[in-house]
Amino acid sequence: MGGVHPHDSKFARERAIEELPLPQTVYVSMAQHLGAPAKPVVAVGDSVKVGQVIAEPGGFISAFVHSPASGTVKGIAPRKDLAGNPVMHIEIAVEGDEWDPAIDRTPDLVTAIPEDKAAILDRIKACGVVGLGGATFPAHVKLNPAPGKVAECLILNGAECEPFLTSDYRIMIERPKEIVVGAAIMQKVLGGCKCVIGIEENKPEAIAAMSAAVSELGYAGMTVQPLKKRYPQGGEKQLIDAVMRRQVKSGGLPIDVGAVVQNVGTSLAVYEAVQKNKPLITNVLTITGNEMPADRQHNYLFRIGVPLSYIAEYAGGVPDNAAKLVSGGPMMGKAIANLDAATVKGSSSILYLTDAFTRRKAESSCIRCGKCADACPMGLEPFLLNRLYKAADLDALEQNAAQDCIECGCCLYSCPAYIPLLDNIRQAKGQVMGVIRARAAAAKAAAEAAKK
Amino acid sequence: MDKKYIVSPSPHIHADISTTSIMRDVIIALCPALLVSVLAYGWAELLVILVSVASCVLLEWAVTRWMLKKPSTVGDLSAVVTGLLLAMNLPSSIPLWIVFIGAVVAICVAKLPFGGIGQNVFNPAITGRVFLLVSFPAQMTDWTPTSGFIKLTDAVSGATPLSVLKEQLKSGHSIPDYLQATGQTFESLMQDIGGSAGEISAIALLLGFVYLLIRRVVKPWIPLAVLGTMALVAAIFHGINPDQYTGPLFNLVTGGAMLGALFMATDYVTSPMSTWGGVIYGVGIGLIAMMIRYFGSYPEGMSFAILLMNCAVPLINMWFHQKKYGRA
Amino acid sequence: MTQTIIWTVAILSVLGLLLALILFWVARKFKVEEDPRIDEVEKVMPGANCGGCGFAGCRAFADAAVKAPNLDNQYCPVGGDEVMQKVASILGFTVAAKAPQVAVVRCNGSCANRPRVNEYDGVRSCRVKAALYSGDTGCSYGCLGCGDCAAACQFGALSMDPQTGLPVVDEQKCTACGACVKACPKHIIELRNKGPRGMREFVSCVNKDKGPVARKACAAACIGCALCQKTCQHGAITVTDNVAYIDFTKCKLCRECEAVCPTGAIHGVNFPKELDKEAVKKRIADRKAKAAEAAKAAEAPGLARNDAPKQAAAAPAAEPETKKKEVANG
């Protein structure tokens, strides 16, 4: 159903992962994950080691945050994120590179998986692992389904359907075994369900590497499944449909159809957390662009908290022809308004796009071609939602499932009249979600009142 | 950051497509049929096409600029497409001032008063054609072939096969009688197709349509529904009484069936947006067109069928929606 | 021929009669009993159906007013006191007079004051822009300039100034319905009392950043220096989160805050005369000097014991007088 086929532009695919050196100062955001912001547990003047906990979860859906560097805490204050909005950050002046001794830094592959599920979950939680596919949802919550829900299939998302991005591709090529062990750990936590590793067909090397690792390590019930190249193949709901031929009901969770979806990057983080006791303090980020010479494109292993501007400078500065800077893929990534912002757990790229490539053309009248509806992977009718949003008809918006929008951008991508469909539908979705939540809260309150 | 970088909501890239590029594709797709008609009917046909296109473009520009005081939408090439389609619906011998009136109706009655591109309820070219058909029936049905550059047809009668047969049936003859009397066959009738530019070469039209399919400008469901329905209806009636009713193939290649099904019924603005809505719309057009051909007083019914189904589009859009993910 | 006409007339007449009967019967059968006062109240309402009162429209307001035990929770901002008095008299309630209000835009980040640091390329909507990021200037609190407020205004009272990029309120047309206040995602627009002859003082900034940061982003920003707060004799000004706010219920329009503000973030509007900053500053300095003297005198033991309370009592008494003069002088 739906989807679009942008050129995959994975220009940085042959660039091996390089380790990025540490800057003099890192800024660790307290809002790096979905859910409540973390609460700092260090004070100004404290000295910290690499991997030390510096903030604890601020709620049930929240995550630990660890220091990516050793040094002194210089400040705990609001700092602007990449959208320019103030977010609480811990500023650490880097001194040397002294790691927490509990972390196993050897490159040896550990394949023996611990027996105790609760201990594994605790370790994942304690290491601050969050989903690295984009939503940064705390991994321990997702891997611990509500009572009564059974996971039948763990889907490992190696689709990387966003154009340009190559970080998942590189780790699948360079560290397939660790990813497979990570997947096996998650299989175990979920009660021994099967595991399907979904990879788009345009990455045959990754499919080969992952298949080899799967057969070499020989964990039960694990297969690699090539997927059609199509955006958004890596969308959670689309992936479940492609792999399991099941559709998650509107408002439902993947676990309702027995699925748990995790990104390959998350799997690697789980491996490092459980087998090596290494918290989530590094991630891989792609530096690329639509008109970048090959030698200026990179895949970096960076410490989470390093400013984006530092990475850009290290890689040779922002190219002169760049008109828009994007963190994430070109379809769903965020435009960078503040390059001084610090990287977060979910940072996956710095994308340099040229003016002609990215600037929106003037909007013209809808010609009712229906291309947006054809492109929508959720089967929605963006042209209709756009019209209803302008008419502020919330009831009709809800009836036409504005709340099901996954904000993939296919509608705006394919609109020949350049109508800002997603800009408006995103707002509509927010409004409808607000109505739904208010209704649910009212129903809950009424039920409680009835009980009394 | 000294340089002012662009910030916008996602997505940050766009498909290589625009209203103009779509219209350009339609124009390219119409080229084979235009070429055939110019070859067959010569300078006169070329003049009709030029006047039609020029009038449509000029009118659109003038009206948006001077009357509506809006930015002109001439650049999107939609007026060119309207002009071409209108020309393809007219006989080559038609006086040029009538062509201009057709353009006035298409642009200034059917298109702009509704809000311009994307807002019109009726297909402008067909509205123009139908207006001319009812206002100037003599000129609109005078199919005297103008001299072409090459001789594609032996027809000198100057009537379209459909109208020839209609006349015969009206005066009480049966089809086989007529064919026998004149020593013709269906095959020869189809080869000697006289008619408007868009009617004479089904193959050229199909060629253009295949181009549109490859470019993913249109989907095949509406034309399939239209032509399938026409063929089915014709097969049933022809099976019951071959004396009175013409057969499926004959009906598909004569008259405006191909032009209507491939290029007029698939007009984005005036057709339903969902796949199944499109099918219903196509079936409706096919049915109405055949009813007019068999039982109406006009020999040809495509234009009326499409206009009538245009009216039903808002309703169809209301009833038929895309199948949504995760909803039964 | 005649017969045809007669038949036509007869059939149509009978048909008309029948339908009329049906209509009559339906109207009787399905009649909804409504308090007739609802209609009366609705008649005196402005009929703009703007929703400024918090109800769906004028009729909904009337319906609620008729059912309510009093009118304390209802106010029609468009009709103002005049309409409320009429409503009250219909329903037999009494209402206290409310000061007329007007929408005030609390941002002066014009293109000149607040340089752009990036270029926004999305749909022209403040809501969308605010959801995306902090905006195309260094100030993440100020006006986004896409005109959601102007679009929300039913009375044509708000327009975007192409020069400054900021909304402008037409006080004659503004009814204080509050639609713009709701539409602004940055909460910049506030309903404030119109003030005597439209004169009012307000802080035209909502930036909560620390002084230097705010100043860097915008030349007209409130930097939270609290000079105004210290100067104000009436306790009308509070500084919270690095931004000052003038309580319009306490403000006496002395314009001293406006004179001392280093960035010009405090605006006084509709005063008949331009503010003479130096004169006001001098006045403040004189007062301070006097206060310092008095304090010195109080410090000296025994000497001024009897005088001190007298002075303290005299000071507030003298104040309103000077105030009146100031207002008169403008």
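Residue numbering restarts at 1 for every chain, and letters A, B, ... go by the order of the sequence lines.
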Original post:
Is it the backbone or the side chain of C/D209 that comes under 4.5 Å from a heavy atom of chain A, or both, or neither?
Top reply: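 When you check distances to chain A, only side chain atoms of C/D209 fall under 4.5 Å.
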Subject >> Basic-acidic side-chain contact under 4.0 Å: A/R360, A/D423 >> reply: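 So A/R360 pairs with A/D423 through a salt bridge.
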Between [X] and chain C, with a heavy-atom cut-off of 4.5 Å, which part of the residue counts as in contact: side chain, backbone, both or neither?
X      : result
A/R426 : neither
A/K80  : side chain
A/P78  : neither

Subject >> A/T354/A/N321 under side-chain hydrogen bond (donor to acceptor under 3.5 Å, both in side chains): CA gap, chis, key distance, verdict >> reply: CA-CA 6 Å; A/T354 56; A/N321 60 2; over 6 Å; no
Original post:
Between C/S140 and A/N85, do the side chains contain an N or O donor and an N or O acceptor separated by less than 3.5 Å?
Top reply: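 Side chains of C/S140 and A/N85: no pair found under 3.5 Å.
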Original post:
Does C/R192 make a cation-pi contact with C/F248, if we ask for NZ or CZ under 6.0 Å from the ring centre and within 45° of the axis?
Top reply: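 Because its charged atom misses either the 6.0 Å distance or the 45° angle limit, C/R192 does not stack over C/F248.
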